[in-house]
Amino acid sequence: MPELPEVETVRAGIAPHIEGATIRGVEVYHRQLRYPIPEAIETLYNATIEKVERRAKYLILTTTRGRVLIHLGMSGAIRILPDDFEHKKHDHFVLRLSGNQALIYNDPRRFGFILLYGKDESIPFLEKLAPEPLTDQFTAAYLHPKLKGRTRPIKSILMDQAFVVGAGNIYANESLFMAGIDPQRPANNLSLEEVERLVQEVKKVLARAIEQGGTTLKDFTTPDGSPGYFAQELLVYGQKGQPCPLCGQEIERIVIGNRATYFCSQCQK
DNA sequence: ATCTGACCCTGTCTGC
DNA sequence: TGCAGACAGGGTCAGA
């Protein structure tokens with residue numbers, strides 16, 4: 001489910017409700033996510049949530065008793081509800097908060113995870129990440145040299161969090177279409193000018209998707225339960241057999257790195 | 001060092 | 001209607 005725009009939508013949705021709240025209860029209903037929820041998570045009892053941040057596709061809750069790292073995986077979702085909320089299937093983790101609120105982590109496929117780190121402890125998951133795409137650090141001058149010697153398809157590079165952060169399968173497909181670049185191209189044969197185009201389109205696509213509250217394909221909802229509206233603007237993702245919005249040729253579906261890849265062979269060279 | 005493919009798990013949809 | 005198989009927004013790891 002969640003790529004950068006969806007995670008950012010979640011962050012923006014939950015932050016105003018839980019920043020400043022105190023944790024009055026920690027409930028684990030299914031510990032076994034991608035990594036087990038640590039037993040020490042219970043030490044958050046009586047901690048206060050100071051801030052909610054996002055880095056790449058990770059959420060970081062900084063509390064007075066350590067930092068909670070949350071990754072939503074493919075199907076993770078967070079909702080903030082009144083204390084007497086109705087439990088749903090796959091609600092694995094609940095924080096009871098002051099103000100009669102609850103933060104609920106739901107994840108059918110359990111590819112996500114929740115881990116706990118000390119205030120000054122380093123978080124290995126965050127250390128090898130590339131720059132945020134929506135900052136000035138993500139430029140062609142940064143990316144182009146990194147592609148030297150890389151023969152992998154450019155689409156695999158776009159989805160590799162060591163090169164660019166936050167673009168998953170949907171936005172990698174859309175960005176490559178917007179930039180007019182064939183997703184199968186070996187990364188090292190993109191010209192500087194092409195990388196410049198790609199960088200700009202990645203920024204535009206992600207920024208636009210954040211404005212729209214992310215992409216709801218089937219089950220993604222913002223924390224208040226409303227869908228993201230970017231799905232209506234998808235030009236190639238999931239459009240196999242449909243006419244290309246630019247030239248009318250059929251959108252093709254191929255597989256790159258085990259992931260569905262949609263593109264127009266006429267417009268993307 | 002780099003790249004590919006298998007794998008983690010559940011739900012939904014398609015075609016027989 | 002039932003069932004098998006394909007597929008799904010992510011990331012890690014072993015092996016080539």
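The nearest pair of heavy atoms linking Lys57(A) to Pro2(A) is CD-O, 3.9 Å.
Using a 4.0 Å cut-off between charged nitrogen and carboxylate oxygen, Glu252(A) and Lys240(A) do not count as a salt-bridge pair. Taking a cutoff of 4.0 Å between a charged side-chain nitrogen and a carboxylate oxygen, Asp160(A) and Arg152(A) qualify as a salt bridge. Ion pairing between Glu50(A) and Lys119(A) holds under the 4.0 Å rule for side-chain N and carboxylate O.
The interatomic distance linking Arg259(A) (CZ) with dC7(B) (P) rounds to 16 Å, in whole Å. Here dG10(C) presents its C1' atom at 6 Å from CE of Met74(A), a figure rounded to the nearest Å. Between the P atom of dG11(C) and the CD1 atom of Ile70(A) lies a distance of 15 Å, rounded to the nearest Å. The distance from atom CD1 of Ile254(A) to atom P of dC7(C) is 14 Å, rounded to the nearest whole Å. The separation between His30(A) atom NE2 and dC8(B) atom P is 15 Å, rounded to whole Å. Atom CG of Asp160(A) is separated from atom C1' of dC13(C) by 14 Å (rounded to the nearest Å). Rounded to an integer number of Å, the gap from Phe111(A) CZ to dC13(C) P is 15 Å. Here the P atom of nucleotide dT12(C) and the CG atom of Leu33(A) are 15 Å apart, to the nearest Å.
If you find the closest nucleotide of DNA chain B to Arg34(A) and to Lys89(A), the one lying nearer the 5' end belongs to Arg34(A).
When distances run from any side-chain atom of Tyr58(A) to the nucleotides dG10(C), dT12(C), dA8(C), the shortest one goes to dT12(C). Of all nucleotides listed (dG10(C), dC7(C), dT12(C)), dG10(C) comes nearest to the side chain of Met159(A). For His71(A), taking side-chain heavy atoms from C-beta onward, the closest of the listed nucleotides dG11(C), dT10(B), dT12(C) is dG11(C).
A close approach under 4.0 Å does not occur between any side-chain nitrogen or oxygen of Lys57(A) and OP1 or OP2 of dG9(C). The shortest distance between the side-chain N/O atoms of Gln161(A) and the OP1/OP2 oxygens of dG11(C) is below 4.0 Å. Taking only side-chain nitrogens and oxygens, Arg109(A) never comes nearer than 4.0 Å to OP1 or OP2 of dG11(C).
For His90(A), the NE2 atom is densely surrounded, since the number of other residues' heavy atoms within 6.0 Å is greater than 12.
Base pairing of dC9(B) is not made with any nucleotide, judged by Watson-Crick or G-U wobble geometry with both donor-acceptor distances under 3.5 Å. Base pairing of dG9(C): no nucleotide in any strand meets the Watson-Crick or G-U wobble criterion (both distances under 3.5 Å).
Note on ring orientation: taking the six-membered ring where Trp is involved, the planes of Phe85(A) and His87(A) are tilted (angle from 30° to 60°). Note: His92(A) and His30(A) have perpendicular aromatic rings, judged against thresholds of 30 and 60 degrees for the angle between ring planes.
Remark: Lys146(A) is positioned above the aromatic ring of Phe163(A), its terminal NZ or CZ atom under 6.0 angstrom from the ring centre and at most 45 degrees off the axis.
Side-chain N/O atoms of Arg110(A) and base N/O atoms of dC9(B) include no donor-acceptor pair closer than 3.5 Å.
Residue-level contact check: Phe113(A) touches neither bases nor backbone, having no heavy atom under 4.0 Å from any strand. Contact annotation for Asn258(A): base contact, defined as any heavy-atom pair under 4.0 Å involving a base atom. Among the protein residues, Lys128(A) comes within range of no part of the nucleic acid, since none of its heavy atoms lies under 4.0 Å from any strand. Using a 4.0 Å heavy-atom cutoff across all strands shown, Tyr171(A) reaches no nucleic acid atom at all.
When the P atom is compared between dC9(B) and dC3(C), the two are found 24 Å apart, to the nearest whole Å. Nucleotides dC3(B) and dG9(C) place their C1' atoms 23 Å apart, quoted to the nearest Å.
Near DNA chain C, meaning a heavy atom under 4.0 Å from it, residues 143-154 of chain A has no residue at all.
Between Tyr171(A) and the options Phe177(A), Phe230(A), Tyr237(A), a ring-ring contact (aromatic ring centres under 6.0 Å, His included) holds for only Phe230(A).
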